[in-house]
Number of protein chains: 2
Amino acid sequence: MPASQHGEVPASGADIESAVPRKRADARRNEQTLLAAAAAVFVTDGVDAPVRDIAKAAGVGMGTIYRHFPTRADLIIAVYRHQVEACADAGPALLASSATPYAALRQWVDMFVDFLVTKHGLAGTLQSGDTRSGPLHAYFLDRLRPVVAALVEAAAAAGQIRGDVDPFGFLYAVGNLCAGDTSNPHYDARAMVHLLVAGLAARPQAQPAGG
Amino acid sequence: MPASQHGEVPASGADIESAVPRKRADARRNEQTLLAAAAAVFVTDGVDAPVRDIAKAAGVGMGTIYRHFPTRADLIIAVYRHQVEACADAGPALLASSATPYAALRQWVDMFVDFLVTKHGLAGTLQSGDTRSGPLHAYFLDRLRPVVAALVEAAAAAGQIRGDVDPFGFLYAVGNLCAGDTSNPHYDARAMVHLLVAGLAARPQAQPAGG
DNA sequence: TGCTAAGCGGAACAATGCTCCGTATAGTTA
DNA sequence: TAACTATACGGAGCATTGTTCCGCTTAGCA
């Protein structure tokens, strides 16, 4: 199957001639500089740092950023791509190594939450439905939804969680729970996600939904 | 007791002389016009509508908006104050009328979620930790936290939910779950909140929290 | 060494929250 | 009724931020 094959991306498809004529050396150098600078700025100022600050940190102009990364969201994707891929790969691995599918699901969620919570503002950018964040939103969800779906379906098949859980909605919900003021000492995103995951395993009972 | 006494606000404290010298007639008229216009714009364009649009809809200038409402957030608070107060009042009422505290909690959460979900963008504005939304954030949380705390504590005392639930965090979490792209047909905020509430009632089990 | 396409920097544009200040007027007083 | 002043108003303007545009520079090649 045409799986992910991420990791090193030397010259983005060097085999297919004519398609990508190989970038100029300074361009490749700048791309790496930008990724490093962006990662550093994201750590100190959060993912919401202005594009200008990143350009300044990298010592390049605005135009250079936007030639390499069409939008802010694309830059964010590029910076975190490796970690997202690692999360995606961890799903099947946990499913294979854990005692039960539900245990795998819990571990996977813990890993994902750790990722989101430590990247200040990332979860927020992920959820905001504005046009600009579109690509980021789509990338995360497209990449991770199948992984979550496999975990959820396995746990449901094993009878460990209810069978009516929408994987997409669940993933989105976990992201939402990690959004907002992450530095707020009074809000413990991990605890709330644990509650949500516990709810997954609870036997569905008649909800007095008044609406 | 100096309770809320919201609803009509004739001259904001007519008894205390000198403190508030009673606004001019045109000012009072404009404030009402603004509230109505803002409410209408929020319904059609969402809570994130630009201040300029609201000014235009009300037929006033920017200055007029900002004299009446120091920030965007204050305007939003004013528009939804009645509904927030209604939510706050519903807490004790449900606790008194419901069969069990947990049932009251569930019903209250349903009511709150209905409120948030139908006001496009409100939950998002609520959570975003930026300075501008500060007042809104603070108002909602300060007003509703005690209500949720009473519900949660009653349910915990009755042994219906776990005892280690932080009311603040729970309220914040519900708000978060309602944030994001509410119009996304693939995301059902109500269902996710139900999951969270179900997790409240689940017996705490050893979480393999790796951290 | 010279040429050209690829790449670069940063000014400029658009959107948006908010401030400032000159002008208009409600309410009062003579 | 006329004059006066505190109050209120309108909207231009400022600051921030994502994004685009375009003239200048330079890597890579002949």
Side-chain angles (χ1 to χ4, degrees), chain A residues 11-12 18-34 37-38 41-42 45-78 121 124-125 128-137, chain B residues 11-12 18-34 37-38 41-42 45-78 121 124-125 128-137:
Chain A
S12 44
S18 80
V20 180
R22 178 185 177 87
K23 284 188 192 173
R24 241 166 64 173
D26 55 347
R28 264 174 295 148
R29 206 183 318 129
N30 270 328
E31 182 167 333
Q32 288 312 114
T33 304
L34 268 170
V41 171
F42 288 166
D45 301 355
V47 174
D48 294 326
V51 180
R52 279 168 181 72
D53 291 358
I54 299 166
K56 188 165 294 181
V60 306
M62 301 288 299
T64 301
I65 284 199
Y66 280 93
R67 192 164 329 92
H68 288 288
F69 308 99
T71 73
R72 244 188 74 85
D74 291 299
L75 175 55
I76 299 176
I77 291 176
T125 306
S128 68
D130 62 32
T131 315
R132 289 192 290 272
S133 315
L136 214 184
H137 190 91
Chain B
S12 45
S18 82
V20 179
R22 179 186 175 86
K23 283 188 191 173
R24 242 166 65 172
D26 54 347
R28 264 173 294 147
R29 205 182 320 129
N30 270 329
E31 182 166 333
Q32 289 312 116
T33 304
L34 267 171
V41 171
F42 288 167
D45 300 356
V47 174
D48 293 326
V51 181
R52 281 168 179 72
D53 290 357
I54 300 167
K56 189 165 292 182
V60 305
M62 301 286 301
T64 301
I65 283 199
Y66 279 94
R67 193 164 328 93
H68 288 287
F69 308 99
T71 73
R72 246 187 74 85
D74 292 298
L75 175 57
I76 298 175
I77 291 175
T125 306
S128 67
D130 62 31
T131 315
R132 288 193 292 272
S133 315
L136 212 183
H137 191 90

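In what follows, chains are A, B, ... by sequence order, proteins preceding strands, each numbered from 1. As the structure is a computational prediction, the values presented were derived from the model and not from experiment.
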* Mind calculating the distance between CG (B/Asp74) and C1' (C/dT19) to the nearest angstrom? => 16 Å
* **Donor-acceptor pair, side chain of B/Asn30 and main chain of B/Ala27, under 3.5 angstrom** => no
* Structure fact -> Residue set satisfying salt bridge (charged side-chain N to carboxylate O under 4.0 Å, His left out) with B/Arg67, at least two apart, ordered chain then number -> none
* What is the distance, rounded to the nearest whole Å, between atom CD1 of B/Ile65 and atom P of C/dG17? -> 10 Å
* Asked: Considering only heavy atoms, which members of residues 51-61 of chain B lie under 4.0 Å from some atom of DNA chain D?
  -> B/Arg52, B/Gly59, B/Val60, B/Gly61
* Asked: Think B/Thr64 has a side-chain N or O under 4.0 angstrom from the OP1 or OP2 of D/dG10?
  -> yes
* Asked: CG of B/Leu136 to CG of B/Leu75: how many Å apart, nearest 0.5 Å?
  -> 9.5 Å
* Asked: Rounded to the Å, how far apart are A/Leu136 CG and D/dG18 C1'?
  -> 15 Å
* Asked: Which whole-number value in Å describes the distance from A/Arg72 CZ to D/dT20 P?
  -> 14 Å
* Asked: Given atom CD1 of B/Ile76 and atom C1' of C/dG17, what is their separation to the nearest angstrom?
  -> 12 Å
* Could you tell me the separation between the NE2 atom of B/His68 and the P atom of D/dT7, rounded to a whole number of Å? => 14 Å
* Asked: How does protein contact run along nucleotides 25-30 of chain D, one letter per nucleotide 5' to 3', with B for base contact, S for sugar-phosphate only, - for none, heavy atoms under 4.0 Å?
  -> -BSS--
* Taking atom P of D/dC14 as reference, at what distance in whole Å does atom CE of B/Met62 sit? -> 15 Å
* Asked: CZ/A/Arg52 to CD1/A/Ile65 distance, rounded to the nearest 0.5 angstrom?
  -> 10.0 Å
* Look up atom OG1 in B/Thr64 and atom CD in B/Glu31, then write down how far apart they are to the nearest 0.5 Å. => 11.5 Å
* Would you say the side chain of B/Ile54 lies within less than 4.5 Å of the side chain of B/Phe42, judging by non-hydrogen atoms? -> yes
* Asked: Got B/Ile77 and B/Phe69 here, is their nearest side-chain heavy-atom distance under 4.5 Å?
  -> no
* Structure fact -> When B/Tyr66 and A/Ala27 are each assigned the nearest nucleotide of DNA chain C, the 5'-most assignment goes to A/Ala27
* To do: Could you tell me whether a side-chain N or O of A/Arg72 sits under 3.5 Å from a main-chain N or O of A/Ala49, the two making a donor and an acceptor?
  => yes
* Within a strict 4.5 Å, meaning less than it, do heavy atoms of the A/Asp26 and A/Arg29 side chains meet? -> yes
* Starting from P on D/dT7, measure out to CG on B/Asn30 and report it in whole angstrom. => 17 Å
